[in-house]
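Below: one structure, written as structure tokens.
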Amino acid sequence: MMQHLQGIGMTSLRTRERMVSRLMEQGIRNHKVLDVMRNTPRHIFMDEALASRAYEDTALPIGYGQTISQPYIVAKMTELLLASANPLTKVLEIGTGCGYQTAILAQLVGHVYSVERIAPLQKKAKDRLWDLKLKNVNFLHSDGGWGWPDHAPYDGILVAAAPPEIPEMLLQQMAVGGVMIIPVGMGESQQLQRVTRKDNGYELERLEPVVFVPFLSGRK
Ligand code: SAH
């Protein structure tokens, strides 16, 4: 593992520098986000056969029909979350996948609660975060449609799979002043949305078109 973490050739710091330059060209401005993405090895989150492509600006397969989100989307969602007015003490992530977004979040917020419905993906993600010594993360094997009520309310919620509409339980688990970043819609017509919980209700902003894997119910 240590050799993996050091990285060589296509997986080196220089390759990540190029990724970060591209993120800046794409409009990512938050330096905390850019620094963390510069310093986090993305290639250890995928199978060795794909590791050399880890820094391309594309979603790549991680098994079980799922994909690791492209760097731009990870950066964008994280930046949107960090723009929230509340300090991000507790963040709920739905769709751990390979754990890359989880690792980025863990370095920027107080504590991450991450829910995944596919057990083997969750197991691998746990191991990787352990290797990176990121300890401020708890994992739950569950259908994220239920959120994670035990630790609610959350200052931030980040959803990495697209439901046809925003699950009611997630709205309920937001703190007042909290934000949720979530792709909503079916197939090719999905939209990134930001929900902010106010004293007297919820504010919804439609941000940009996106493509995520579908939000599915039940556990596997
Ligand atoms: N940020 C992750 C995204 C993985 S893809 C990464 O970069 O690796 C989305 C993930 O959401 C998949 O792992 C999928 O299994 C999971 N998912 C989909 N619907 C879910 C649900 N209802 N509850 C929990 N996880 C879900």
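Both ligands and their constituent atoms are indexed starting at 1 by order of listing. Worth knowing before you read on, the calculation uses all heavy atoms, side chains too, and leaves out hydrogens, waters and symmetry mates.
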Residues pairing under side-chain hydrogen bond (donor to acceptor under 3.5 Å, both in side chains) where one sits in residues 73-91, two or more places apart or in two chains, turn out to be T78-Q101
Please check if the side chain of R16 supplies one atom and the backbone of R38 the other of a donor-acceptor pair under 3.5 Å.
yes
Would you please classify the geometry between the H151 ring and the Y113 ring as parallel, tilted or perpendicular, with 30° and 60° separating the classes?
parallel
Should we say atom CD of E203 is surrounded by more than 12 heavy atoms from elsewhere, each under 6.0 Å from it?
yes
Identify the protein atoms, limited to N or O, that lie within less than 3.5 Å of an N or O atom of ligand 1, and list each pair with its distance to 0.1 Å.
residue  : atom   : partner : partner atom : Å
ligand 1 : 7 (O)  : S69     : N            : 3.0
ligand 1 : 8 (O)  : C98     : N            : 3.0
ligand 1 : 13 (O) : E116    : OE1          : 2.8
ligand 1 : 13 (O) : E116    : OE2          : 3.3
ligand 1 : 15 (O) : E116    : OE2          : 2.6
ligand 1 : 19 (N) : L216    : N            : 3.0
ligand 1 : 22 (N) : D143    : OD1          : 3.0
ligand 1 : 22 (N) : L216    : O            : 2.6
ligand 1 : 23 (N) : G144    : N            : 2.7
ligand 1 : 25 (N) : R117    : N            : 3.4

Would you please test D57 and Q26 for side-chain hydrogen bond (donor to acceptor under 3.5 Å, both in side chains) and show each step?
CA-CA 11 Å; D57 195 27; Q26 290 168 312; 2.6 Å; yes
Tell me yes or no: between the side chains of T96 and Q122, is some donor less than 3.5 Å from an acceptor?
no
